[in-house]
Amino acid sequence: QVQLVESGGRLVQAGGSLRLSCAASGRTLRTYALGWFRQAPGKERDFVAAISWSGITTYYADSVKDRFTISRDNAKNTVYLQMNSLKPEDTAVYYCAAASITNIRSVAEYWGQGTQVTVSS
């Protein structure tokens with residue numbers, strides 16, 4: 001079992017920055033890649049970014065590439081999503097996810113409860 005708890009979501013103006021955190025726990029945590037998905041109202045949950053356990057491999061959705069950066073601190077069992085140059089279309093509930101590195105961009109084995117990010121224009 002893996003438990004994921006997100007934090008950091010809030011209201012921010014367009015062009016601003018925000019950092020989301022996800023605290024992970026579980027006995028098998030080392031076997032999982034961690035990532036972020038987001039879901040806007042009335043839309044499907046979409047992949048945003050992911051990072052392997054080692055931190056060497058990262059993936060990004062095209063819509064956030066060059067604006068968002070994913071990182072992890074294994075000593076703290078925490079993954080971060082630094083979001084810069086935020087746009088109103090980034091407004092969504094952001095979910096932390098855990099899965100194998102093979103699957104992390106498409107389907108998660110574990111989900112957090114989500115944190116709301118709202119970008120005002």
Any disulfide (SG to SG under 2.5 Å) pairs touching residues 12-112, not counting sequence neighbours?
Cys22-Cys96

Taking the side chain as every heavy atom from C-beta outward, state whether Thr57 and Ile51 have any pair of such atoms under 4.5 Å apart.
no

Atom OG of Ser121 and atom CD of Gln13: how far apart are they, to the nearest 0.5 Å?
9.5 Å

So, does Ser54 use its side chain to make a donor-acceptor pair with the main chain of Ser52 at under 3.5 Å?
no

Which heavy atom in Tyr60 sits nearest to a heavy atom in Ile70, and how many Å separate them?
OH-N, 2.8 Å

Can you tell me how far CD of Glu44 sits from CD of Gln39, rounded to the nearest 0.5 angstrom?
8.5 Å

Establish, for the pair Arg38 and Tyr95, whether the NZ or CZ atom is under 6.0 angstrom from the six-membered ring centre and no further than 45 degrees off its axis.
no

Student check: side-chain heavy atoms of Met83 and Leu20 closer than 4.5 Å
yes

Any side-chain to backbone donor/acceptor pair from Asn74 onto Trp53? Under 3.5 Å, distance only.
yes

With side chains defined as the heavy atoms from C-beta onward, is the minimum distance between Phe37 and Trp111 less than 4.5 Å?
yes

Minimum-distance pair of heavy atoms, taken over all atoms of Ala108 and Ala97
CB-CB, 3.5 Å

When you compare the side chain of Leu4 with that of Tyr32, does any pair of heavy atoms fall below 4.5 Å?
no

Could you tell me whether the side chain of Phe68 reaches within less than 4.5 Å of the side chain of Asn84, counting heavy atoms only?
no

Side-chain heavy-atom pair Arg67, Asp90 within 4.5 angstrom cut-off:
yes

Is it true that the side chains of Gln3 and Ser25 contain a donor and an acceptor less than 3.5 Å apart?
yes

Test salt bridge (charged side-chain N to carboxylate O under 4.0 Å, His left out) applied to Asp66 - qualifying residues, sequence neighbours left out:
none

Does the side chain of Tyr80 pick up a donor-acceptor pair with the side chain of Arg19 at under 3.5 Å?
no

Thr91 side chain vs Thr118 backbone, donor-acceptor pair below 3.5 Å:
no

Examine the side chains of Asn103 and Arg105 and answer whether a donor and an acceptor come within less than 3.5 Å of each other.
no

State plainly whether one hydrophobic cluster holds both Val12 and Val93, where clusters connect Ile, Leu, Val, Met, Phe, Trp and Tyr through side-chain heavy atoms under 4.5 angstrom apart.
no

Please step through side-chain contact (heavy atoms from CB on, under 4.5 Å) for the pair Val48 and Leu81, ending with a clear verdict.
CA-CA 10 Å; Val48 176; Leu81 186 67; 4.2 Å; yes

What distance separates Ser71 OG from Leu34 CG, expressed to the nearest 0.5 Å?
11.0 Å

For a quick test of reading the model, state the closest non-hydrogen atom pair linking Leu11 to Ser120 and the distance between them.
CD1-CB, 4.1 Å

Check whether any side-chain heavy atom of Phe47 lies under 4.5 Å from a side-chain heavy atom of Trp36, and answer yes or no.
no

Tell me, do Gln113 and Glu6 make a side-chain contact under 4.5 Å, heavy atoms counted?
yes

Should Lys65 and Asp62 count as an ion pair when the cut-off is N to O under 4.0 Å?
yes

Can you tell me how far the CD atom of Glu89 sits from the OG atom of Ser63, to the nearest 0.5 Å?
9.0 Å

